[in-house]
Q: 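Before I ask anything, here is the structure I am working with.
Both ligands and their constituent atoms are indexed starting at 1 by order of listing. Counting from 1, the numbers follow the sequence of the chain as shown.
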Amino acid sequence: MKRVLYPGNFDPVTNGHMDIIERAARVFDEVIVAVGTNMGKSPLFTAEERIEMLEEACRHLPNVTVDSFHALTVRYAASRGASVILRGLRALSDFDFEFEMALMNRRLDSAIETVFMMPNADYSYLSSSIVKEVASFGGSIEGLVPKIVEEYLDRKFGRSSQ
Ligand code: ADP
């Protein structure tokens, strides 16, 4: 039984994240998508809201569960019986940070392997930050995020749906 942990901020989950989650659900027996609550950034959505959006977006994937954690990622992975950490790689710009993180995690726990997956090229420019920026100015984010996220963003920025 191969269980993989996909950690991140997911503030909010985008179709790029969903692409990675769906790929992982085909490759691994179980996928735990976990919202990190200690990652230094000040989020737009609370951990509870980010979890609600992920749960709704992953409802069609029976081997995916959603959780949150406030700890070292490797320690949380070990506590959940996950021997693999999954990260998404969009472009070269992700590489430095991900490389550093993967090597640090290996130093902290050599039993846990980090694997990377690349999304469909349609999503290689997509980030939670750009989605928030566009939504905050009333631009359309249709097709870039799950429907439930559109609704949460509309509510957050006080718009009725377009
Ligand atoms: P973090 O702050 O931990 O990077 P994110 O929620 O931004 O949290 O991203 C979680 C993971 O998903 C990271 O590995 C990131 O590179 C990846 N990711 C983010 N956006 C995309 C995307 N559009 N396509 C593929 N992977 C992505």
Q: Answer yes or no: are there more than 12 heavy-atom neighbours, outside L72 itself, under 6.0 Å from its atom CG?
A: yes
Q: Measuring from non-hydrogen atoms of E98 to any atom of ligand 1, is the shortest distance under 4.0 Å?
A: yes
Q: Between Y6 and ligand 1, is there a nitrogen or oxygen pair with a distance under 3.5 Å?
A: yes
Q: Can you find a non-hydrogen atom of F97 under 4.0 Å from ligand 1?
A: no
Q: Which ligand 1 atoms does G16 reach within 4.0 Å, using its non-hydrogen atoms?
A: 22 (C), 23 (N), 24 (N), 25 (C)
Q: Using a 6.0 Å cut-off, check whether atom CZ of R23 has over 12 heavy atoms from anything other than its own residue.
A: yes
Q: Considering only heavy atoms, does R90 approach ligand 1 within less than 4.0 Å through its side chain, its backbone, both, or neither?
A: side chain
Q: Check each atom of ligand 1 against the heavy atoms of F10 and keep those under 4.0 Å away; list them by number with element.
A: 6 (O)
Q: Please work out, at 4.0 Å between heavy atoms, whether the side chain, the backbone, both, or neither of L126 comes within that distance of ligand 1.
A: both
Q: I20 heavy atoms, cut-off 4.0 Å: which ligand 1 atoms fall inside?
A: 25 (C), 26 (N)
Q: Please work out which of G88, S129, P12 has its closest non-hydrogen atom nearest to atom 15 (C) of ligand 1.
A: G88
Q: Within a distance under 4.0 Å of any heavy atom of Y123, pick out the atoms of ligand 1 and give their elements.
A: 22 (C), 23 (N), 24 (N)
Q: Name the one of Y6, Y76, F69 that satisfies side-chain contact (heavy atoms from CB on, under 4.5 Å) with I32?
A: Y76
Q: Identify whether L5 and L103 are in the same connected component of the hydrophobic contact network (ILVMFWY, side-chain heavy atoms under 4.5 Å).
A: no
Q: I'd like to know whether OH of Y125 has more than 12 heavy-atom contacts from other residues, nucleotides or ligands below 6.0 angstrom.
A: yes
Q: Please could you name the atoms of ligand 1 that P119 approaches to less than 4.0 Å, counting only its heavy atoms?
A: 24 (N), 25 (C)
Q: Output yes when the distance from some N or O of ligand 1 to some N or O of H17 is under 3.5 Å, and no in every other case.
A: yes
Q: Does an N or O anywhere in S127 fall below 3.5 Å from an N or O of ligand 1?
A: no
Q: With a heavy-atom distance limit of 4.0 Å, tell me whether D94 approaches ligand 1 through its side chain, its backbone, both, or neither.
A: side chain
Q: Above 12 or not: heavy atoms from other molecules or residues under 6.0 Å from CE of M118?
A: no
Q: What I'd like to find out is whether the side chain of M117 reaches to under 4.5 Å of the side chain of V27, using heavy atoms alone.
A: yes
Q: Indicate whether any N or O donor in one side chain lies under 3.5 Å from an N or O acceptor in the other, for H60 and E22.
A: yes
Q: Side chains of R90 and S127: closer than 4.5 Å at any heavy-atom pair?
A: yes
